[in-house]
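Contents: one structure, followed by commentary.
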There are 2 protein chains.
Amino acid sequence: MVTKVAGTIGARNPAVVRARVLAALGAIIERDGLARLGVNALAREAGCDKVLIYRYFGDLDGVCREFAQSRDFWWTLDDLVQGLDPAGLSRTRALQVLMRRHAAAIRSRPTTLAILAHELTERSTLAIALEEVRETRTLELFAWIGERFDLPAAVDLPAVSLLLGSAVNYLAARGRDVSVMGGVALRSDADWERILSAIDALIAGVVPPQ
Amino acid sequence: MVTKVAGTIGARNPAVVRARVLAALGAIIERDGLARLGVNALAREAGCDKVLIYRYFGDLDGVCREFAQSRDFWWTLDDLVQGLDPAGLSRTRALQVLMRRHAAAIRSRPTTLAILAHELTERSTLAIALEEVRETRTLELFAWIGERFDLPAAVDLPAVSLLLGSAVNYLAARGRDVSVMGGVALRSDADWERILSAIDALIAGVVPPQ
DNA sequence: AACCTTTGTCACCATACGGTGACATGTAGC
DNA sequence: GCTACATGTCACCGTATGGTGACAAAGGTT
């Protein structure tokens, strides 16, 4: 009897520990990046013994898999097209709005930005999860656009989207720790307005209002 | 006398060892990426004792500094504008050609691609070196363009360049280990022609021939 | 009460890392 | 010849990592 020495954090409740581990994973990714993620660091952050991680999740990859399922790394189609009336918008304006919403959605997800940054270096579990959701959502969006607007055959929509989307992803990830690039600031929303305006112009140039 | 046991690689020639270390650094970066770079790995790759690295370069960072000076991570202005006749080209075509040359120059430099990928994660010595040369060369190029073409005031050239350049950098880095993205292939030069054509169209849309 | 399972803790292993001190070896100057 | 120095080799330290086995406490079941 007696003792009850150690300050058990989970108080014999595995669900609490699991939740803490998952939360800690997010915290580490956002603060230090995926490169500094490890079982030891994760256990430290979660305030639990690393043995529990192995017991509950198998290994670090198991934690990542579960983490990926518990979060939405990407916008949904509804996020992007919500309240958007195809009849009241020119196709040009519609594409511009979609691109702006994409940028806003990405920039507001620090975890996603960290994964985007890391996937250029290593093909981790989280990178693969992000890749999958991104591909499916992108296809959904393309389908949605294709059903509502007809685009000039001359414009290669996938290629243009890939280009502008890549630029947004790259600059959003880069803007986390660099404030200015090529004479263009990346930090504040006001800075981003300049970039988004340029995107507007590029879209307007390549797909004129019908 | 006698013995001459160990297979001394540098044969008492520090210059040889130094050169081998620098070459090994490039090899590791291109093959494994900056994340897997370390003193031990570097010594292994160079086939020398790691003590020599500390003696000759101070530390790993010293090797990187010297490596950065010994290589050109970026195009020079001359690389890009060589043989380009401002009088014979529309401003549209000129910008398109410059962008294509930029892409070709980046894609042909595996070390640069590895650093570009890594700088999203960590601000390493090599990333800083790359950043500096990139900024200065970009300014040079902007000046060159400004002296020879007049651009519509409506178009924000820095922002547009940043956007398209970022996309090219991102896709080039990404194309190293992923073959298709958003339905667009990234591997071969033929795949890239599709991307470059889209860039042509975007440029043509935003800055019409004078 | 006695038992069994779950939960949490601790000690330990092998490995790799960055970094340093001590020593053997060859070469140049005198 | 001898000394002095630059060069190369090896052994070692402290620390961190991923991973595992053994054990103490708490509950529930019978």
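Quick note on labels: first sequence line is chain A, next is B, and so on, each numbered from 1.
Atom CG of A/L37 and atom C1' of D/dG18 are 12 Å apart (whole Å). For the pair A/D32 CG and D/dT17 C1', the interatomic distance rounds to 16 Å; values are reported in whole Å. Rounded to whole angstrom, the span from the CZ atom of B/R44 across to the P atom of D/dC10 amounts to 16 Å. The distance from atom CZ of B/R36 to atom P of C/dG18 is 14 Å, rounded to the nearest whole Å. One interatomic measurement links the two molecules: CZ of B/R20 to C1' of D/dT7, which rounds to 16 Å at whole-angstrom precision. Summarising the geometry, the separation between CG on B/D49 and P on C/dA22 is reported as 16 Å, rounded to the nearest angstrom.
With hydrogens and angles disregarded, no donor-acceptor distance shorter than 3.5 Å links the side chain of B/R107 to the backbone of B/V168.
Shown here are the side chain to side chain donor-acceptor pair (under 3.5 Å) partners of B/R123, two or more places apart in sequence or in another chain: B/E131. With sequence neighbours excluded, no residue forms a salt bridge (Lys or Arg N to Asp or Glu O under 4.0 Å) with A/R176. Taking the salt bridge (Lys or Arg N to Asp or Glu O under 4.0 Å) definition, one finds that A/D32 meets it with nothing, sequence neighbours left out. Residues that satisfy the side chain to side chain donor-acceptor pair (under 3.5 Å) test with A/R91, not counting sequence neighbours, are absent from this structure.
One finds a side-chain N or O of A/N40 lying less than 4.0 angstrom from the OP1 or OP2 phosphate oxygen of D/dG18.
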Sequence neighbours left out, cut at 3.5 Å: what donor-acceptor pairs do the side chains of residues 35-48 of chain A make with other protein atoms?
unit_1: A/N40; atom_1: OD1; unit_2: A/K50; atom_2: NZ; d: 3.0
unit_1: A/E45; atom_1: OE1; unit_2: A/R31; atom_2: NH2; d: 2.5
unit_1: A/E45; atom_1: OE2; unit_2: A/R31; atom_2: NH2; d: 2.8

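Candidate nucleotides C/dG18, D/dG18, C/dT9 were compared by shortest atom distance to the side chain of A/V39, and D/dG18 ranks first.
Contacts between residues 50-60 of chain A and DNA chain D, defined by a heavy-atom separation below 4.0 Å, involve A/K50, A/V51, A/Y54, listed by number.
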